Amino acid sequence: MIELEDVSYAYGGDTLFADLSLSVQPGSFLFLTGPSGAGKTTLLKLIYGDLLATSGRVALFGQDAAEMSRDQMALTRRRIGVVHQDCQFLDHLPVAENVALPLQVSGRADEAAQNLDDLIGWVGLTRQANQTPPQLSGGERQRAALARAVITSPDVIVADEPTGNVDWEMSQRLLTLLVELNRMGKTVLIATHDLNLIRAAKSQVNAQLLRLTRGRLESGVTL
Amino acid sequence: MTGRLSALWTLLRGDGQADRAVPPSGFTARLTVFTAAAMAFLAVFALAFSVSSGRLADRWAQELARTSTLRISAPAVEVEAQTAAALQVLEQTPGIAEARALTEAEEQALLEPWFGPDLPLDALPMPQLIEIVETEAGYDATGLRARLQAEVPGAVLDDHTRWRDPLVDAANRLRTLGWAALLLILGALAAMVTLAAQSALSANAQVIRVLRLVGARDSYIARAFVRRFTLRAAAGAVAGTAAGMACILLIPEGPADGFLTGLGFTGPGWLVPLLIPVLCAVIAFLATRLAANATLRSHL
């Protein structure tokens, strides 16, 4: 589904990681951990096509990311729901419209009415649905970002610290949503420092743990 | 072609959601509307200038081409006889509709702008002038000159070629100047719209980033900007064109052959400036589309 072969990424002359390989299988549930600055966010950006590798090959759904046309990349991104670390939104639009945005841009606006209310309710933002993103707290923004990432029921969900600003109860709720999606066959990849979240997930699904440290990616890591 | 028509139809129809994705930006909106209005206003004048110059060139060319002057410079005692002989020759020449000797008062009127009204013509060795009006077919100037040389030795035929050509040439250059001014104005409009669009695109970098993150194609993102700027430019151009046409209507009427008082449009010519808003909209469409595509290509 997503393959990284001998991938290197350098930024400003410094090599963040080199010769890194990873194979993300359909339906898998992966956690990516590692110290701050190790390159977790960069690795996720390579996976959802927001960055191109300096060398090596990143294949998204069988296509080389470096050789995709701009339209192909846009269509590929529709298959990957992303929860960004900084949770960027269209600040002038209400939360509900931001959550429905992936459906709108892919011409599936009709589906929004059916799923939107349920999803916004699931992430606990019913009351805030008509507010604009700048009016939300950090945790609320993360929940809205997660709702936006999953509204199209994408093949892959990539989340960068999705529970960083939410309380334990809400993080469990968000995890439940991700686990449910994974049970439906969706692939989930989460970058996090939250070991409790990883433990909670491992009790529900067969989650694999990856660790990115000192430019190397270790798989099959145990807590 | 079908693709372009489809793009145009999509643009005109609009996409409410795509339009909403880009926040309304007050400064660039006002700048675009004002620029389009100002440029359209100037374009109306440039167009009027060009059309009027063209009309003047045509009129001068037609009027002067159909008239000639015969000048008889002879000793005073022979003037009357040579005038009569010249008129006789002219009457017999094919292609001449009318030939008439100017009266003393008419000759005085011709000289009045230079010498004043009290010019004693009797005291000056003034030649007798004969005004010739040609038929549509015209006459054979070379043949007429040869015959006059033989029968009226004091006659000099001036078919106005010498000064008609520079006048018509000048008017034609004015017309070209008008078109060049129009092109410059439209070029300036394209530049201003491009700058405003680039400014809006830069100001909305986060919007573009979010839209790309959720899988929006470049065409979807560009459409929101292109439609907005096209409509703004069209709205401004409509206002500017209306104001320009109103000002031209207010120019006082004067003699038909006056240049400044003849500035404007006539009859169906008043429909021509109505193309300016359409042209401005097309220019804004192309300029914004180029700017949007260039900006979007700079994003991964």
Side-chain angles (χ1 to χ4, degrees), chain A residues 44-46 48-53 58 65-66 68-94 96-110 112 132-134 144-145 147-152 154-155 158 160, chain B residues 3-4 6-7 9-11 13-30 199-229 232 288-300:
Chain A
L44 294 188
K45 284 184 175 180
L46 291 173
Y48 61 78
D50 200 29
L51 289 176
L52 288 179
V58 176
M68 280 188 201
S69 68
R70 298 179 62 78
D71 272 357
Q72 281 174 325
M73 182 56 86
L75 294 177
T76 300
R77 284 196 181 115
R78 292 178 190 177
R79 300 177 68 182
I80 305 174
V82 179
V83 182
H84 233 251
Q85 196 172 20
D86 49 4
C87 300
Q88 292 177 339
F89 293 99
L90 302 185
D91 287 343
H92 62 289
L93 293 184
E97 284 191 47
N98 267 286
V99 171
L101 201 58
L103 289 172
Q104 301 284 1
V105 302
S106 54
R108 294 160 60 192
D110 298 344
T132 56
R148 185 179 65 187
V150 302
I151 194 164
T152 55
D155 296 322
V158 174
D160 195 358
Chain B
R4 283 183 186 172
S6 168
W9 169 242
T10 306
L11 178 85
R13 191 188 54 192
D15 178 339
Q17 190 57 33
D19 287 350
R20 279 176 57 76
V22 180
S25 46
F27 173 69
T28 53
R30 285 193 293 274
S199 163
L201 286 157
S202 299
N204 288 294
Q206 186 185 331
V207 171
I208 293 171
R209 180 163 169 68
V210 170
L211 288 172
R212 290 195 61 76
L213 184 74
V214 298
R217 293 183 194 216
D218 285 357
S219 56
Y220 180 93
I221 303 169
R223 205 157 53 226
F225 287 94
V226 170
R227 183 166 189 271
R228 185 169 295 191
F229 277 89
R232 283 173 188 167
T288 316
R289 193 164 161 162
L290 284 173
N293 287 339
T295 303
L296 291 171
R297 272 197 298 273
S298 69
H299 290 71
L300 187 61

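Residue numbers start from 1 in every chain, and the chains themselves are labelled A, B, ... in the order their sequence lines are given, proteins ahead of strands. Given the structure is predicted, the values throughout are model-derived calculations rather than measurements.
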Next on the checklist: What's the separation between atom CG in B:Asn204 and atom NE2 in A:His92, rounded to the nearest 0.5 Å?
Outcome noted: 8.0 Å
Checklist entry - Which bit of A:Phe89 comes within less than 4.5 Å of chain B, counting heavy atoms only: side chain, backbone, both or neither? => result backbone
Next on the checklist: On a heavy-atom basis, which atom in A:Pro94 and which in B:Arg20 lie closest, and how many Å separate them?
Outcome noted: CD-NH2, 4.0 Å
Item to check | Closest non-hydrogen atom pair between B:Val214 and A:Arg78, with its separation | outcome: O-CG, 4.2 Å
Item to check | Shortest non-hydrogen contact from B:Tyr220 toward A:Val105 | outcome: CE2-CG1, 3.6 Å
Next on the checklist: Quick check for you: to the nearest 0.5 Å, what is the distance between A:Asp50 atom CG and B:Arg209 atom CZ?
Outcome noted: 4.5 Å
Next on the checklist: For A:Asp91, which atoms come within 4.5 Å of any heavy atom of chain B: side chain, backbone, both, or neither?
Outcome noted: side chain
Checklist outcome for this item: When every non-hydrogen atom of A:Ala74 is compared with those of B:Ala216, the smallest separation belongs to CB-O, 3.7 Å
Next on the checklist: Quick check on A:Arg79 against chain B: is it the side chain, the backbone, both or neither that has a heavy atom closer than 4.5 Å?
Outcome noted: neither
Next on the checklist: Would you compute the distance between atom NE2 of A:His84 and atom CG of B:Leu213 and round it to the nearest 0.5 angstrom?
Outcome noted: 5.0 Å
Item to check | Spatial distance of atom CZ (B:Arg217) from atom CE (A:Met73) [nearest 0.5 Å] | outcome: 14.0 Å
Checklist entry - Shortest non-hydrogen contact from B:Ala21 to A:Leu90? => result O-CD1, 3.8 Å
Checklist entry - Atom CZ in B:Arg297, atom CZ in A:Arg70: separation rounded to 0.5 Å? => result 8.0 Å
